[in-house]
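We're numbering straight along the sequence, starting at 1.
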Amino acid sequence: QVQLVESGGGLVPAGGSLRLSCAASSGRTFSYYAMGWFRQAPGKEREFVASISRSGGSTYYADSVKGRFTISRDNAKNTVYLQMNSLKPEDTAVYYCAANPVVREKVADYWGQGTQVTVSS
């Protein structure tokens, strides 16, 4: 199994940028997992944001963030990142890192605790 801890959330003005990090505690097997980011706003269901393959060679994004967000990973550092640019107030949510995400079902095998991202208007 893998334990995931997110960091990098905070308050940012609309149009600003933020970089989220997700550190895995079990680095030796980190490359076994595809990784992803989901988010959940108050009163709304969890939604998929982005995913990345085990090697980092393939990425996939929700239409709502495509062109603004970039997911990447550094397997040597046991870390996956989410670079968020041109942030909008509607991006405000708790962002969760996930291992082995299933995009269509919005589920995953492992989840982090989440980090709050607040975009002011």
Side-chain angles (χ1 to χ4, degrees):
Q1 63 180 328
V2 58
Q3 296 179 7
L4 307 172
V5 179
E6 302 94 336
S7 63
L11 177 65
V12 63
S17 297
L18 211 57
R19 183 180 177 90
L20 305 183
S21 298
C22 173
S25 62
S26 185
R28 193 168 74 178
T29 59
F30 182 61
S31 62
Y32 291 174
Y33 303 99
M35 298 295 296
W37 291 92
F38 295 79
R39 66 187 182 187
Q40 188 167 20
K44 300 187 67 176
E45 295 296 318
R46 179 173 58 231
E47 64 176 324
F48 166 76
V49 176
S51 64
I52 188 167
S53 61
R54 301 188 317 277
S55 67
S58 298
T59 58
Y60 183 72
Y61 299 92
D63 288 341
S64 59
V65 306
K66 194 175 301 181
R68 300 188 297 121
F69 291 11
T70 302
I71 188 171
S72 62
R73 69 190 297 162
D74 187 338
N75 287 343
K77 296 181 179 179
N78 311 329
T79 303
V80 62
Y81 305 94
L82 185 67
Q83 178 67 47
M84 305 185 294
N85 298 326
S86 302
L87 283 162
K88 306 173 181 179
E90 51 263 44
D91 294 319
T92 295
V94 177
Y95 283 70
Y96 297 93
C97 178
N100 284 346
V102 181
V103 173
R104 299 181 188 276
E105 301 296 329
K106 302 175 183 178
V107 298
D109 286 346
Y110 303 96
W111 296 91
Q113 295 299 306
T115 185
Q116 177 71 48
V117 172
T118 302
V119 184
S120 61
S121 59

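- A search for side-chain hydrogen bond (donor to acceptor under 3.5 Å, both in side chains) contacts involving R68 returns D91, not counting sequence neighbours.
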Exercise. May I have the step-by-step check of side-chain contact (heavy atoms from CB on, under 4.5 Å) for V119 and K88, ending in yes or no?
Key: CA-CA 6 Å; V119 184; K88 306 173 181 179; 5.5 Å; no

Exercise. Any chance you could lay out the side-chain contact (heavy atoms from CB on, under 4.5 Å) test for Y32 and V2, step after step, and finish with the verdict?
Key: CA-CA 10 Å; Y32 291 174; V2 58; over 6 Å; no

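- No continuous path of hydrophobic side-chain contacts links V5 to V80 [ILVMFWY only; heavy atoms under 4.5 Å].
- A chain of hydrophobic side-chain contacts below 4.5 Å, direct or via other Ile, Leu, Val, Met, Phe, Trp or Tyr residues, connects L4 to L82.
- Side-chain contact between V107 and F48: absent, with no pair of heavy atoms (C-beta onward) separated by less than 4.5 Å.
- Within a 6.0 Å radius of CZ in R46, more than 12 heavy atoms belonging to other residues, nucleotides or ligands are found.
- Every residue two or more places apart in sequence or in another chain was checked for a salt bridge (Lys or Arg N to Asp or Glu O under 4.0 Å) with R19, and none qualifies.
- Within the structure, salt bridge (Lys or Arg N to Asp or Glu O under 4.0 Å) contacts touching residues 55-64 (residues at least two apart or in different chains) are D63-K66.
- Minimum heavy-atom separation, K44 to Q40: O-NE2, 3.0 Å.
- Here the closest heavy-atom approach between residue A108 and residue A98 is recorded as CB-CB, 3.4 Å.
- Within the structure, side-chain hydrogen bond (donor to acceptor under 3.5 Å, both in side chains) contacts touching residues 3-17 (residues at least two apart or in different chains) are S17-N85.
- For Y95, the side-chain hydrogen bond (donor to acceptor under 3.5 Å, both in side chains) partners two or more places apart in sequence, or in a different chain, are R39.
- Under the 4.5 Å side-chain contact rule for hydrophobic residues, M84 and V12 share a cluster.
- Rounding to the nearest 0.5 Å gives a distance of 5.0 Å between CG of D74 and OH of Y81.
- Separating the CH2 atom in W37 from the OH atom in Y96 is a distance of 12.0 Å, to the nearest 0.5 Å.
- The CG atom of L18 sits 8.0 Å away from the CD atom of Q83 when rounded to the nearest 0.5 Å.
- Exactly one of V65, L20, I71 qualifies for a side chain to side chain contact (heavy atoms under 4.5 Å, CB included) with V49. That residue is V65.
- Atom CZ of R73 sits about 10.5 Å away from atom OG of S51, to the nearest 0.5 Å.
- Across every non-hydrogen atom of I52 and S72, the tightest pair is CD1-CA, 3.6 Å.
- Counting all heavy atoms, side chain and backbone alike, N75 lies closest to S55 at ND2-CA, 4.4 Å.
- Although no hydrogens or angles enter the test, the distance criterion places no donor-acceptor pair under 3.5 Å between the side chain of S64 and the main chain of A62.
- Residue pairs satisfying the side-chain hydrogen bond (donor to acceptor under 3.5 Å, both in side chains) criterion with at least one member in residues 104-121, sequence neighbours excluded, are listed as follows: N100-D109, Q116-T118.
- Of the inter-residue distances, the one linking S53 atom OG with M35 atom CE reads 12.0 Å to the nearest 0.5 angstrom.
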